[in-house]
Protein chains: 2
Amino acid sequence: MQPTPLISELAKQIAEHLRAENPQAGTRLVERKLAERFRVSRSPIRSALQLLHTQGMLGVAGSGGFITIDTPEASWPEQESIPNNDEAMYLRIAQDRLDNLLPERVTENELQRRYDLTRGELARLLRRILSEGWIERLPGHGWAFLPMLTSIEAYKDSYRFRLTIEPAAILEPGFVLDRAPLEACRQQQQRLVDGEIWSVSSPALFDMNSKLHEAIIECSRNSFFIDGLKRVDRLRRLMEYRQSLDRRYAIIRCREHVELVDLLLADRRLDASKFMKQHLSSVSVEKVMNTAGTAVQGVSSGDD
Amino acid sequence: MQPTPLISELAKQIAEHLRAENPQAGTRLVERKLAERFRVSRSPIRSALQLLHTQGMLGVAGSGGFITIDTPEASWPEQESIPNNDEAMYLRIAQDRLDNLLPERVTENELQRRYDLTRGELARLLRRILSEGWIERLPGHGWAFLPMLTSIEAYKDSYRFRLTIEPAAILEPGFVLDRAPLEACRQQQQRLVDGEIWSVSSPALFDMNSKLHEAIIECSRNSFFIDGLKRVDRLRRLMEYRQSLDRRYAIIRCREHVELVDLLLADRRLDASKFMKQHLSSVSVEKVMNTAGTAVQGVSSGDD
DNA sequence: TTTGGTATTTTGCAATAGTAAAATGCCAAA
DNA sequence: TTTGGCATTTTACTATTGCAAAATACCAAA
């Protein structure tokens, strides 16, 4: 039983899950529970557990099944070892598109040849790109890339959109605070402020920041706001993954994040909404100032 | 050369195009121009023209090629004759899903059997549904439907989202008025107010109204706002297609639409934005009142 | 009942070839 | 140059079959 992509992906997620939960040694890992949680059947879960066991990260219970053992945190390796081909290919296509190496219109065969993909891999990629909204099918043959966040204009557009929906989402009538995830994000931001920010990688920083904003908007319980922000973030990620973030600005944003979460945790929603507005508009201004003088693909102030 | 789906679709679009342009008899239809406009190659355009010619709606020029003839409006038939199988199937699946006849999780085979589809048809359908955001792939096998606008809650959510973005879009700095489409929409709305509303079908009414709102938001030139509204509208269409609209309320909305466009055409953007806000919130209230007493799937006030 | 073990069924990807349809390149005429 | 006619190339859908992997059903033990 070789690890299929799904199996190693699941192993990674289970390890991550355990790192977050941090259960005491000897806790039983119930196959059905995990299967339900990760929305797959027991088969791949079982194989993933097997895999983690052979890596010495899980023990076996006397009566069968796997249990956690007392694993020092260091030995929950970032299971990135198996570089997910799909993800890499996805980013590569995005970069090629941003660099204008890919024409606006492409056929499936072209892509398949160019990136040496099987039909299935290509189908998966196109599905993903489609659902993220930067490609569409032409009526006849082939696909057309949609304009992405290539220009500063589009960039500013994305911030004005967020400036509209994020403060409004906090004032939604159905807004209910999810304390746990917010407190987790707050801690993360505090650690960044306390110095981690100077060592963490740009993509990781980007992810932490967008995770915080998404955690907040999810409290609105309005899926239109939630989806709206997530769609913007996925596009922004493609743009910002290639930039290195200027930590001198980023740290200011992180401080603001902490303050923002504190307002929310104190149930001061109106103040939080106002603060969000101010937070986003200052990021926006910064971006413009920052990109005005330098090349579009230069250093980004950014974060959020 | 039988008409393929693409060809009959193009014939329909070309007829519609001509009805809108209303060129004088004898105007030459340039294949390459049409091909570019509809983003296909010349082949299917040529076949579509051929088709329209055999239906007696186009003449031939002395030196080859097709020209328009003096066709009374009545004889530009709504080319709906060939019921697009894909579209019908799409609506059927949406309805089945809304009626809870389809489980939350389905496999491709299940769908293929249930609706008697070929692999390709199914792939096309899934792609479309995916891009509209109400289905997603599971990590293993199969697909999961996402919660749609099934509840009144979600319904109200969609209006609050619009209430946030639509008035804001009018105030976007990049806002530039597209007079032609707006004036066309205004005329359409005026005709509705003048009595057409009592005879036009519910889906047609829905389309006219959403077209107006989309025409307005497109002036913002901010693709995040534009996309946001379009996504909401696609979902709303699925819900509202099954409802018959109460014309006594709808006509009020149409009058407001005329007024709204007039404000825009007079360049009173601030007033237009305020008016939009009031317009949307009254629709929203109406919806709630209307659905509160009756069944969810009863008569909708609606329109916008 | 809950759980893991095992066997069985089902799924959907891969590879292939054939084919209709769409895209494209070239040419001649206006 | 613009345009339509025509021929050719390319694309992507269809329909196979085989197979690995995922889902599922059933059973026994705790």
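So you know, we letter chains A, B, ... as the sequences are listed, proteins then strands, and number each from 1.
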Electrostatic pair A:Asp233:A:Arg236 at N-O distance under 4.0 angstrom: yes
How sharply is the helix from C:dT1-D:dA30 to C:dA30-D:dT1 bent, taking the axes over five pairs at either end and rounding to 10 degrees? 50°
Could you tell me how far apart B:Ile67 (CD1) and C:dA30 (C1') are, to the nearest whole angstrom? 16 Å
Side chain to side chain donor-acceptor pair (under 3.5 Å) partners of A:Glu31, counting only residues at least two apart: A:Arg42, A:Arg46
If the condition is side chain to side chain donor-acceptor pair (under 3.5 Å), which residues does B:Glu36 pass it with, not counting sequence neighbours? none
To the nearest angstrom, the CG-C1' distance between B:Leu138 and D:dA23 comes to 12 Å
D:dT2 P sits how many Å from B:Glu36 CD, rounded? 12 Å
At under 4.0 Å between heavy atoms, which parts of nucleotides 5-20 of chain D does protein reach? Answer with one letter per nucleotide, 5' to 3': B base, S sugar-phosphate only, - none. B-----BSSS------
All pairs passing ring-ring contact (aromatic ring centres under 6.0 Å, His included) where residues 32-52 of chain A contributes a residue, at least two apart: none
Taking CG from A:Leu117 and C1' from C:dC13, how many angstroms apart are they, rounded to a whole number? 15 Å
Just the rounded figure in Å: distance from C1' of C:dG4 to CG of A:Leu58. 15 Å
Return the set of residues passing side chain to side chain donor-acceptor pair (under 3.5 Å) with B:Asp96 (not counting sequence neighbours), or none when no residue passes. B:Tyr115
With sequence neighbours left out, what residues match A:Arg124 under salt bridge (charged side-chain N to carboxylate O under 4.0 Å, His left out)? A:Asp86
Roughly how many Å is it from CD in A:Gln50 to P in D:dA21, rounded to a whole number? 15 Å
Short side-chain N/O contact from A:Ser41 to OP1 or OP2 of D:dA23, under 4.0 Å: yes
Partner set under salt bridge (charged side-chain N to carboxylate O under 4.0 Å, His left out) for B:Arg32, not counting sequence neighbours: none
Nearest-angstrom distance from the residue atom CZ of B:Phe38 to P of C:dA22: 15 Å
Assign each of B:Arg39 and A:Leu29 to its nearest nucleotide of DNA chain C by heavy atoms, then name whichever residue's nucleotide is nearer the 5' end. A:Leu29
Would you kindly check if the NZ (Lys) or CZ (Arg) of A:Arg28 is within the cone defined by 45 degrees around the ring axis of A:Phe66 and under 6.0 Å from the six-membered ring centre? no
May I have the distance from B:Arg105 (atom CZ) to C:dT10 (atom P), rounded to whole angstrom? 19 Å
Go through the structure and list residues passing salt bridge (charged side-chain N to carboxylate O under 4.0 Å, His left out) with A:Arg137, not counting sequence neighbours. none
